[in-house]
> 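Would you mind keeping the following structure in view while I ask a few things?
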Amino acid sequence: MQPFFTRFSKRISELAGRPFTFAVALSAIVIWAICGPLFDFSAKWQLAVNTCTTITTFLMVFVLQNSQNRDGVALQAKIDELIRVSDAENCFIGIENLDEQDLKDVRRDCMQEGTQARDAENAVSGANGSA
């Protein structure tokens with residue numbers, strides 16, 4: 001089931017993002033609006049579009065979330081590989097699994113180290129510039 005849903009959600013995500021798909025959806029809404037006077041703007045006329053849009057939105061949430069989850073995992077794997085093969089600290093690999101407070105602590109520590117490095121660089125370039 002999972003390989004089928006993965007292929008299905010990937011294909012639907014690709015189709016949903018195309019200009020043609022937008023044009024079809026826009027056309028459907030325009031046709032629905034034009035039909036309003038024919039149906040005296042009845043409750044059934046309104047219910048038809050409300051039902052269609054609700055069902056489509058409900059199903060697309062799951063399809064697009066699946067696609068986004070896969071993209072996020074792939075991106076994280078690529079970033080982890082870049083960290084692994086570079087001079088970066090390997091302790092950052094897998095930090096996406098930390099809880100929110102631990103991530104905030106890591107971010108705060110990185111910001112402090114970045115500020116210290118920038119200050120040290122500015123002090124060196126300032127000393128070289130004034131000599």
Side-chain angles (χ1 to χ4, degrees):
M1 172 86 173
Q2 187 171 356
F4 169 76
F5 186 71
T6 298
R7 287 191 311 272
F8 173 77
S9 67
K10 183 177 181 183
R11 185 70 179 135
I12 295 297
S13 294
E14 290 170 357
L15 290 172
R18 292 188 177 180
F20 177 76
T21 307
F22 175 78
V24 168
L26 181 63
S27 298
I29 295 300
V30 168
I31 291 169
W32 170 79
I34 290 170
C35 291
L38 299 174
F39 294 98
D40 294 325
F41 300 99
S42 68
K44 287 183 181 181
W45 171 78
Q46 292 177 19
L47 183 62
V49 77
N50 288 341
T51 301
C52 289
T53 56
T54 300
I55 290 170
T56 302
T57 302
F58 180 75
L59 294 176
M60 286 302 289
V61 165
F62 298 104
V63 169
L64 296 175
Q65 186 63 50
N66 178 270
S67 180
Q68 188 175 18
N69 288 349
R70 283 184 292 103
D71 289 348
V73 169
L75 182 61
Q76 193 59 54
K78 291 173 185 179
I79 291 170
D80 287 348
E81 179 62 9
L82 289 172
I83 291 171
R84 190 185 66 77
V85 300
S86 72
D87 292 334
E89 295 182 36
N90 287 339
C91 65
F92 287 104
I93 293 176
I95 66 169
E96 68 276 5
N97 297 317
L98 296 176
D99 65 27
E100 189 173 346
Q101 185 57 49
D102 290 340
L103 282 173
K104 285 180 180 178
D105 293 344
V106 169
R107 176 79 172 138
R108 184 195 67 239
D109 293 345
C110 287
M111 294 295 288
Q112 287 174 347
E113 289 179 24
T115 300
Q116 291 170 355
R118 191 171 40 255
D119 291 346
E121 187 177 299
N122 288 340
V124 168
S125 64
N128 289 338
S130 62

> How many angstroms lie between CG in Leu47 and OG in Ser42, if you round to the nearest 0.5 Å?
9.0 Å

> As an exercise, state the distance from CD of Gln116 to CE of Met111, rounded to the nearest 0.5 Å.
12.0 Å

> For a 4.5 angstrom cut-off between non-hydrogen side-chain atoms, does Arg18 reach Thr21?
yes

> Less than 4.5 Å apart, side chain to side chain, heavy atoms only: is that true for Gln76 and Ile95?
no

> Which is it for Glu96 and Asp80 under the side-chain contact (heavy atoms from CB on, under 4.5 Å) test, yes or no, and what are the steps along the way?
CA-CA 10 Å; Glu96 68 276 5; Asp80 287 348; 4.1 Å; yes

> Report the distance from atom CD1 of Ile34 to atom OG of Ser27, rounding to the nearest 0.5 Å.
9.5 Å

> Inspect the surroundings of CZ in Arg70 and state if more than 12 heavy atoms from other residues, nucleotides or ligands are less than 6.0 Å away.
yes

> Using 0.5 Å steps for rounding, measure from the CD1 atom of Ile93 to the CD1 atom of Ile83.
5.5 Å

> Does Ser67 reach the side chain of Glu14, with side-chain heavy atoms less than 4.5 Å apart?
no

> Can you check whether Met60 reaches Ile12 side chain to side chain, under 4.5 Å on heavy atoms?
yes

> More than 12 heavy atoms of other residues, nucleotides or ligands under 6.0 Å from CD of Gln2: yes or no?
no

> Between Thr6 and Lys10, does a side-chain contact (heavy atoms from CB on, under 4.5 Å) hold up when you go through it step by step?
CA-CA 6 Å; Thr6 298; Lys10 183 177 181 183; 5.6 Å; no

> Atom CG of Leu26 and atom CD1 of Ile29: how far apart are they, to the nearest 0.5 Å?
8.0 Å

> Does the distance from a Lys or Arg side-chain N to an Asp or Glu carboxylate O, for Arg84 and Glu81, drop under 4.0 Å?
yes

> Are Leu59 and Leu64 connected into the same hydrophobic cluster when the rule is that any two of I, L, V, M, F, W, Y join if their side-chain heavy atoms are below 4.5 Å apart?
no

> Would you kindly confirm whether Leu98 and Leu75 end up in one hydrophobic cluster when ILVMFWY residues are joined by side chain heavy atoms under 4.5 Å apart?
yes

> What I want to check is whether the side chains of Asn50 and Gln46 have a donor and an acceptor closer together than 3.5 Å.
no

> Would a 4.5 Å heavy-atom cut-off, applied to side chains only, mark Phe92 and Ile79 as touching?
no

> Give me the atom names and distance for the closest heavy-atom approach of Pro37 to Ala33.
CD-O, 3.7 Å

> Nearest 0.5 Å please: distance from the CG atom of Asn97 over to the CG atom of Asp102.
11.5 Å

> Looking only at heavy atoms, which two atoms of Phe5 and Val63 are closest? And how far apart?
CZ-CA, 4.4 Å

> In this structure, are over 12 heavy atoms from other groups packed under 6.0 Å from Gln112 atom CD?
yes

> Is the side chain of Trp45 donor-acceptor paired with the backbone N or O of Leu38 at a distance under 3.5 Å, no angle test?
no

> Check whether any side-chain heavy atom of Thr53 sits under 4.5 Å from a side-chain heavy atom of Thr56, and report yes or no.
no

> Is it the case that Arg118 and Asn122 place a side-chain donor and acceptor less than 3.5 Å from each other?
no

